[in-house]
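Positions are given from 1, in the same order as the sequence printed here.
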Amino acid sequence: MRLKELRKSRKVSQLKLAMDLNMNQNSISRYETGEREADYTTLIKLADYFNVSIDYLLERTDNPEVNR
């Protein structure tokens, strides 16, 4: 998942991201290391937060644009 790349490029700490999404920092860390996989609701929150598609977040495409 591109989560760490997106987070660092936007200069957002794990703690800030977790607080903004009403999650805990440990979950963000585990998503970034691949220790844990995000559920659908979390994927939507992350994609909306970074304004990218879920496919981009999951590395299924290199196009970050959201088709709405």
Side-chain angles (χ1 to χ4, degrees):
M1 187 175 359
R2 286 188 164 118
L3 178 57
K4 185 174 186 176
E5 175 187 320
L6 284 166
R7 183 180 59 74
K8 287 193 171 227
S9 72
R10 307 266 168 92
K11 295 181 171 70
V12 176
S13 69
Q14 287 182 348
L15 183 58
K16 167 99 170 94
L17 178 59
M19 289 173 56
D20 289 348
L21 297 180
N22 199 27
M23 300 170 64
N24 67 52
Q25 183 266 330
N26 196 35
S27 293
I28 301 297
S29 176
R30 287 181 176 172
Y31 295 145
E32 288 185 357
T33 62
E35 219 176 299
R36 182 175 175 183
E37 291 186 359
D39 60 17
Y40 292 127
T41 303
T42 303
L43 286 172
I44 291 168
K45 284 181 183 181
L46 291 167
D48 286 348
Y49 184 88
F50 290 109
N51 196 31
V52 297
S53 69
I54 291 174
D55 281 343
Y56 181 78
L57 192 61
L58 295 176
E59 299 180 31
R60 291 175 41 106
T61 183
D62 289 329
N63 180 1
E65 293 185 22
V66 179
N67 295 324
R68 291 189 181 179

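Take R36 and apply the salt bridge (charged side-chain N to carboxylate O under 4.0 Å, His left out) test, not counting sequence neighbours, and it matches no residue.
When all heavy atoms are compared, the tightest approach of Q14 to I28 is CG-CG2, 3.8 Å. Considering all non-hydrogen atoms of both residues, A47 and L57 come closest at N-CD2, 4.0 Å. Taking every heavy atom of both residues into account, K16 and S13 meet most closely at N-OG, 3.0 Å.
Judged purely by atom type and a 3.5 angstrom limit, T33 uses its side chain to pair as donor or acceptor with the backbone of S29.
Between the CG atom of N24 and the CE atom of M19 there is a distance of 12.5 Å, given to the nearest 0.5 Å. For the atom pair CD (E65) and CG (D55), the distance works out to 13.0 Å, reported to the nearest 0.5 Å. A distance of 10.0 Å separates CG in L3 from CG in L43, rounded to the nearest 0.5 Å. Expressed to the nearest 0.5 Å, how far OG1 of T42 lies from CD of E37 amounts to 12.0 Å. Atoms CZ and OH, on R2 and Y56 in that order, are 4.5 Å from each other to the nearest 0.5 Å. Separation of atoms CG (D20) and OH (Y49) is listed at 4.0 Å; rounding is to 0.5 Å.
Among residues at least two apart or in separate chains, side chain to side chain donor-acceptor pair (under 3.5 Å) pairs with a member in residues 3-12 are R7-E32.
In this structure, the side chains of F50 and L17 come closer than 4.5 Å at one or more pairs of heavy atoms.
Remark: of the listed residues L46, I44, V52, I44 is the sole one forming a side chain to side chain contact (heavy atoms under 4.5 Å, CB included) with D48.
The environment of CG in N22 is sparse: at most 12 heavy-atom neighbours from other residues, nucleotides or ligands sit within 6.0 Å.
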